[in-house]
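What follows is a single structure, written as structure tokens, with notes after it.
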Amino acid sequence: MATIQVTHLVQGYATTTVLNDINLETNPGDIVALIGPSGAGKTTLIKTIMGMLRPKSGRVSVFDQAMPNRALLAHIGFMAQTDALYTDLTGRENLNFFGAMQGASRSALQVQLAHAAEVVALTPDLDRRVSTYSGGMKRRLSLAIALLNDPPLLILDEPTVGIDPELRRQIWTELHTMASAGKTILLTTHVMEDAEEATQLLMIRDGAAIAQGSPTALMATYHVQSIEEVFLAAGRQQDAHISHV
Ligand SMILES: Nc1ncnc2c1ncn2[C@@H]1O[C@H](COP(=O)(O)OP(=O)(O)O)[C@@H](O)[C@H]1O
Ligand SMILES: [Mg+2]
């Protein structure tokens, strides 16, 4: 069973088309990175998979059920691009609030909370108000909230923005451990170092999938040594194709 299945998705706002014929399948153990520049359509795709936007055409299913589907949300650890935190509350209070909303028992929640805070290195700052946090700390708290319930599917929109290299490494180690345990991780990024950590890549440019596959397969296809070069080569191919139609 595919965790996420996107088939011939066309998506947009009002009369504009933002995504054109996107296809994606993710399976347990996959770490899938959506890569593309700002405005490419990454967040629009994430919101459509989450059921926050209905497809203009095409199909989106999660755990073999069509989205939108409110009941499925309990099984998805979601981190939005814009932090949705209570800034008057402390980090711990935010974690307790969102954990309770996800239906965790009080005792189970304390164990999960401690683990999630460790993963994002926020343990020493948990009792400070979120209004005193830096941008990166807010990203880390949002990530901790997404991890809280130990969900089988993580959907993370720009999780590494504002996070320093050492902590980035620690977070990636945790994501690899989770994927090895059979979880599915879908994330967006415009940073090539993140893309190199993924098992599958979907490169989006101007709403179109310009390249798709594992990092090693893509580098072999384009005869290049880096993900960045794959993106540039696939982009040139897209431009050449557009100028011919
Ligand atoms: N609510 C909206 N209404 C109209 N246009 C939007 C809306 N959200 C995003 N867009 C447009 O859709 C395109 C893709 O945006 P987005 O999915 O946020 O890209 P990314 O996440 O890759 O930066 C952009 O041109 C953006 O301006
Ligand atoms: Mg975005």
Side-chain angles (χ1 to χ4, degrees), residues 4-26 30-62 67-68 73 76-85 134-143 145-146 153-163 168 171-172 175 184-198 200-213 215 218 227-228 230-239 242:
I4 301 173
Q5 186 100 48
V6 176
T7 317
H8 296 303
L9 174 70
V10 176
Q11 186 59 287
Y13 301 93
T15 57
T16 61
T17 300
V18 169
L19 294 171
N20 201 3
D21 196 22
I22 300 293
N23 295 281
L24 174 67
E25 182 184 308
T26 70
D30 285 343
I31 302 177
V32 182
L34 306 178
I35 330 164
S38 182
K42 302 181 297 295
T43 295
T44 302
L45 179 54
I46 293 287
K47 285 184 173 173
T48 307
I49 292 169
M50 286 296 293
M52 296 153 84
L53 300 170
R54 272 178 199 277
K56 278 197 165 178
S57 68
R59 271 179 50 84
V60 174
S61 62
V62 177
M67 291 302 274
L73 295 181
I76 306 174
F78 176 56
M79 177 179 175
Q81 185 172 350
T82 310
D83 297 305
L85 301 167
S134 68
M137 291 168 79
K138 289 180 192 161
R139 286 319 275 156
R140 285 146 58 193
L141 180 57
S142 295
L143 179 57
I145 291 168
L153 171 60
L154 280 178
I155 297 185
L156 313 172
D157 199 352
E158 308 261 7
T160 61
V161 169
I163 293 179
R168 229 186 103 256
I171 290 170
W172 269 112
L175 293 179
T184 306
I185 300 164
L186 174 68
L187 61 104
T188 75
T189 184
H190 52 264
V191 180
M192 295 297 161
E193 288 94 321
D194 285 335
E196 283 159 11
E197 300 279 350
Q200 295 292 322
L201 303 177
L202 170 55
M203 296 189 171
I204 306 184
R205 187 165 174 264
D206 296 335
I210 56 168
Q212 203 160 356
L218 285 173
I227 300 304
E228 185 163 15
V230 171
F231 192 84
L232 294 172
R236 280 193 296 273
Q237 215 170 55
Q238 182 190 30
D239 290 340
I242 289 168

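Side-chain atoms are counted along with the backbone in the values below, which use heavy atoms only and exclude waters and symmetry mates. Throughout, residue positions are numbered sequentially from 1 according to the sequence presented. Because the structure is predicted, anything quoted here is derived from the model rather than measured. Just so you know, ligand 1 is whichever comes first in the structure, and atom 1 is the first atom listed for that ligand.
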Exercise. Can you see which heavy atom on Gly41 is nearest to which on Val18, and at what distance?
Key: CA-CG1, 3.9 Å
Quiz item: With distance as the sole test, does Ser134 use its side chain to make a donor-acceptor pair with the main-chain N or O of Met137 at under 3.5 Å?
Solution: yes
Practice problem: Answer with yes or no whether the side chains of Thr48 and Gln11 bring together a donor and an acceptor at under 3.5 Å. | Solution: yes
Quiz item: Met50 versus Val62: any side-chain heavy-atom pair under 4.5 Å?
Solution: no
Quiz item: salt bridge (Lys or Arg N to Asp or Glu O under 4.0 Å) with Arg168: which residues, sequence neighbours excluded?
Solution: Asp194
Practice problem: Check each protein residue for a heavy atom under 4.0 Å from ligand 1 and list those that pass, ordered by chain and number. | Solution: Tyr13, Val18, Pro37, Ser38, Gly39, Ala40, Gly41, Lys42, Thr43, Thr44
Self-check item: Neighbouring protein N, O or S atoms of the Mg ion (ligand 2), below 2.8 Å
Solution: 2
Exercise. Let me see the working for Leu187 and Ile31 under side chain to side chain contact (heavy atoms under 4.5 Å, CB included), right down to the final yes or no.
Key: CA-CA 8 Å; Leu187 61 104; Ile31 302 177; 4.1 Å; yes
For residues 77-85, dump all side-chain donor-acceptor pairs below 3.5 Å to protein atoms at least two apart in sequence or in another chain.
residue: Gln81; atom: OE1; partner: Thr43; partner atom: OG1; Å: 2.6
residue: Asp83; atom: OD1; partner: Arg139; partner atom: NH1; Å: 2.6
residue: Asp83; atom: OD1; partner: Ser142; partner atom: OG; Å: 2.6

Quiz item: So Ile4 and Val32, side chain to side chain contact (heavy atoms under 4.5 Å, CB included) or not? Walk me through it.
Solution: CA-CA 11 Å; Ile4 301 173; Val32 182; over 6 Å; no
Quiz prompt | Donor-acceptor pair, side chain of Gln212 and main chain of Asn23, under 3.5 angstrom | solution = yes
